[in-house]
Amino acid sequence: MTDSGSASPSLRSDPLAALRRAVNAAAAGVVGAAEAPSGVALERPRKAAHGDFATNAAMVCAPVARDNPRNVARKIGEALAEQLGVDLGAAEVAGPGFLNLRLADGWYRDALAFVLSAPDRFGAGVAESPERINVEFVSANPTGPMHLGHGRNAAYGDSLCRIFEFAGHEVSREFYINDFGSQVARFGASISARARGEHVPEDGYQGEYVDEIAAAIDGAAELEESDLAQRGVAMMIERIRATLERMGVRIDTWFSERTLLDDGRFERALDTLAAASESFEHDGALWLRTSKYGDDKDRVLRRTNGEYTYFSTDIAYHADKYARGFKRLIDVWGADHHGYVARMKSAVAALGGDPDTFEPVIMQLVNLTENGKRVQMSKRSGEFVPVDDLIEDIGADALRFFMVQRSHETTMDLDLALAREQSDKNPVYYVQYAHARIASILRKAGEPGAPEGEGSVEPAAPVTGEAAGQSVPAADSAAGVAAQAVARSTAGAGHELHASERALIRKLIEFPDEIAETCLRRAPHRLTIYGRDLAAEFSAFYRDCKVIGDDAPVQEFRLALCRATRDTLARTLDLLGVSAPQSM
RNA sequence: GCGCGCAUAGCUCAGUGGAUAGAGCGCUGCCCUCCGGAGGCAGAGGUCGUAGGUUCGAAUCCUACUGCGCGCGCCA
């Protein structure tokens, strides 16, 4: 939480966090303890009749206080009234013992000032214990182009990384290139065959891209298969890199499997396992005793024929990630790899690591539909829908938004007709439209300072754990001045806030919590919902409240609310890798 | 057979202990002398797969069962 003890706490402390502290303090007081019992929560009721916020504190505390929940709720309400003073509009006991809270307009004005006090930092640095995290994702085989499944993986992985970074983690995005082993040999044989005008071998790679590669390499028909394989892999990686770039996905480290064998890291990893008696020879093969750590059975590292398995180099690869200083490894894998989880976690344990710091995330499958009808011929054909074709069809913004819209753990349908549609039916346009509409209002009001470029907000500066706890920078920016203006209007009388204004502010100040929860749950799909909700709250405000043309203090306040909403929408879209247009 | 995942409105999906379970699409009926109608309002629509259990309270946690998906190689 970005609380601060600076000179103007009302301007700079997170209003939700402060409210949560007040509720905890009141509950602690009632039960006569230093801290409130765990389970006490501040909730946002669905129904307006249940107040602005509500707490279950009394029901949690009642057994401890040995009193009935409604009595306890009344006491907590009285304690809260004392703490919050004029900021608390009302505290009502309801139902089985809920305490429904209404906040005064002054509290809402302070809350908006908080949002605007540091627009680049709002919601940033909320990670409670920042870590050095390595996120490996996509890692598509360099023997073919990225397909549908990789698209979901890329959208998820990149958004997760953006959110981690914004929350204060140090993140490295990594792509593991499987440029070693039998599949690469088959790739080389396939290219060679096509270069010589022959059919690819039975176990080879089909597809026009193999022809294209064969044609693009001078004298391919005369080259060794191993040379063709390496050149083909290089070309495929270049193509994959270009596809990711079209999706707005950045990779920090392209890690070649082959290099592990070239410089001894592979041998060292195997030596480590052997020295710890984690591996053993049996039937002419080398095995890893993964069953010791909960895997169904032991796994082969070196086959009877002397070749090493993919698993063995993967172990060396993960050992290398830890050796590079990462405290947490997240691997984003396709659904077909879930059977691999147990053995890889076992391998981490066998290396002496903590398997809890290795988190494989399994991405479920994507089905393509069009107007509700399946467009894939067979369940396997998804592997042959290239991501490039999808970008061409529906655009990168829609691709990223739709791919990350559903929880990664559920099989999802992507409706091409809806994704293509440029109307309010399409959620990505709905959110972008709200952003563009606010930009238009601000232009009309003669406001300077619209974000530059493609409409995305500037990336947040990295936040360390210490910085996250410090007060925000002084108000020397345009936005800071705006916050001061809002604060000034707080001092004056100020108009009575419309219910839609309050609802919009409430949605805005949820943003830091939303970021924290999204990180914790590794669930970027939450931000697509937040974006839609925020856009909807803005639309209600826009309907109910005239921004431009009323008296000056009201206009000033509402323009400030527009700016806060625009910035938060832009930030949300940016974290999803989707553009936030000034006009559309 | 074993393992992992999933099951919520007609459809696609949110919702990891709180009040009368939500959204979008679709459907029905409305609203443009209005800062962007690329928008908004109202309505119909539910046995949260089934059966037990845990507790003040369960879509949510536990157990069993049913259905669907994926995996189960000295492939990657």
Side-chain angles (χ1 to χ4, degrees), chain A residues 39 41 43 45-47 49-50 54-56 59-60 62-63 68-69 94-98 100 141 143 178 180-184 186 203 257 282-287 295-297 299-314 334-342 362 364-365 367 369 371-372 379 402 405-407 409-415 417-418 421-427 429-430 432-434 436-445 517 520-521 523 525-526 528-529 532-533 535-536 539-540 542-550 555 558-559 562 583-584:
Chain A
E43 297 155 7
R46 291 193 196 85
K47 309 214 173 283
H50 295 153
T55 178
N56 62 348
M59 288 178 288
V60 176
N68 82 65
F98 287 99
N100 296 337
N141 277 327
T143 53
N178 299 127
F180 174 81
S182 58
Q183 64 167 355
V184 177
R186 284 187 283 120
D203 60 354
E257 178 179 7
H282 179 68
D283 286 349
L286 180 67
W287 300 70
D295 195 7
D296 294 339
K297 56 182 183 179
R299 305 291 174 176
V300 170
L301 296 171
R302 189 190 64 237
R303 307 204 284 267
T304 312
N305 68 6
E307 289 178 12
Y308 285 94
T309 59
Y310 171 85
F311 181 46
S312 69
T313 52
D314 215 14
D336 55 342
H337 279 64
H338 78 252
Y340 203 73
V341 171
I362 302 301
Q364 294 301 324
L365 303 177
N367 296 312
T369 64
N371 297 314
K379 66 178 178 180
F402 274 72
Q405 201 176 9
R406 308 306 183 196
S407 163
E409 57 198 12
T410 188
T411 305
M412 61 166 274
D413 286 4
L414 194 164
D415 195 299
L418 181 62
E421 184 146 342
Q422 311 225 344
S423 80
D424 59 311
K425 290 177 185 172
N426 184 338
Y429 282 91
Y430 179 77
Q432 289 180 315
Y433 176 76
R437 178 186 253 174
I438 299 171
S440 167
I441 293 170
L442 293 174
R443 276 194 302 274
K444 184 151 190 153
E517 193 68 12
L520 231 45
R521 303 252 307 265
H525 74 277
R526 295 177 62 96
T528 66
I529 298 164
R532 279 209 323 261
D533 286 350
S539 294
Y542 174 83
R543 176 194 70 229
D544 295 334
C545 302
K546 187 87 178 163
V547 176
I548 296 171
D550 275 317
Q555 174 171 317
R558 288 178 176 167
L559 285 174
C562 283
S583 60
M584 36 195 303

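Note on naming: letters A, B, ... go to the chains in the order of the sequence lines (proteins, then strands), and numbering restarts at 1 for each one. Please read these numbers as outputs of a predicted model, since none were measured by experiment.
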Polar atoms only, N or O, under 3.5 Å: list the protein pairs with nucleotides 41-46 of chain B and their distances.
{"unit_1": "B/C41", "atom_1": "OP1", "unit_2": "A/R543", "atom_2": "NH1", "d": "3.4"}

Phosphate-side-chain proximity, [X] and [N], N/O vs OP1/OP2 below 4.0 Å:
X	N	value
A/Y430	B/G37	no
A/S440	B/G36	yes
A/R186	B/C75	no
A/R443	B/C35	no
A/S539	B/G40	yes

Reading nucleotides 22-29 of chain B from 5' to 3' and marking B where a protein heavy atom lies under 4.0 Å of the base, S where only the sugar-phosphate is that close, and - otherwise, the string is SS-SS---
Please name all residues satisfying ring-ring contact (aromatic ring centres under 6.0 Å, His included) with A/F180, sequence neighbours left out, ordered by chain then number.
none
What's the gap between [N] and [M] when it is taken at their [atom1] atoms, as a whole Å value?
N	M	atom1	value
B/G24	B/U60	C1'	23 Å
B/C61	B/C4	P	16 Å
B/C11	B/C27	C1'	12 Å

Without swapping roles, check the side chain of A/Q555 against the backbone of A/I548 for a donor-acceptor pair under 3.5 Å.
no
Is the backbone of A/P427 close enough, under 3.5 Å, to the side chain of A/R532 for a donor and an acceptor to pair up by distance?
no
Least distance between heavy atoms, [X] atom then [Y] atom:
X	Y	result
A/R299	A/F311	CB-CE2, 3.6 Å
A/P96	A/P69	O-CB, 3.3 Å
A/H525	A/S407	ND1-CA, 3.5 Å

Face-to-face stacking of [X] with [N], centres under 5.5 angstrom, angle under 30°:
X	N	result
A/F98	B/A19	yes
A/Y310	B/C75	no
A/H50	B/A19	yes

Touch check for [X], heavy atoms < 4.0 angstrom, all strands: base, sugar-phosphate only, or nothing?
X	result
A/D413	sugar-phosphate
A/N141	sugar-phosphate
A/A335	sugar-phosphate
A/A434	nothing
A/T304	base
A/S407	sugar-phosphate
A/A536	nothing

Applying side chain to side chain contact (heavy atoms under 4.5 Å, CB included) to A/D415 and not counting sequence neighbours gives A/T369, A/A417, A/L418
Not counting sequence neighbours, which residues clear side chain to side chain contact (heavy atoms under 4.5 Å, CB included) with A/S440? List them please.
A/R443
Establish whether the base of B/G3 is bridged to the side chain of A/H338 by a donor-acceptor pair shorter than 3.5 Å.
yes
Would you kindly check whether a donor in the side chain of A/N100 faces an acceptor in the base of B/A19, or vice versa, at under 3.5 angstrom?
yes
Residue list, side-chain hydrogen bond (donor to acceptor under 3.5 Å, both in side chains) with A/Y430, at least two apart or on another chain:
none
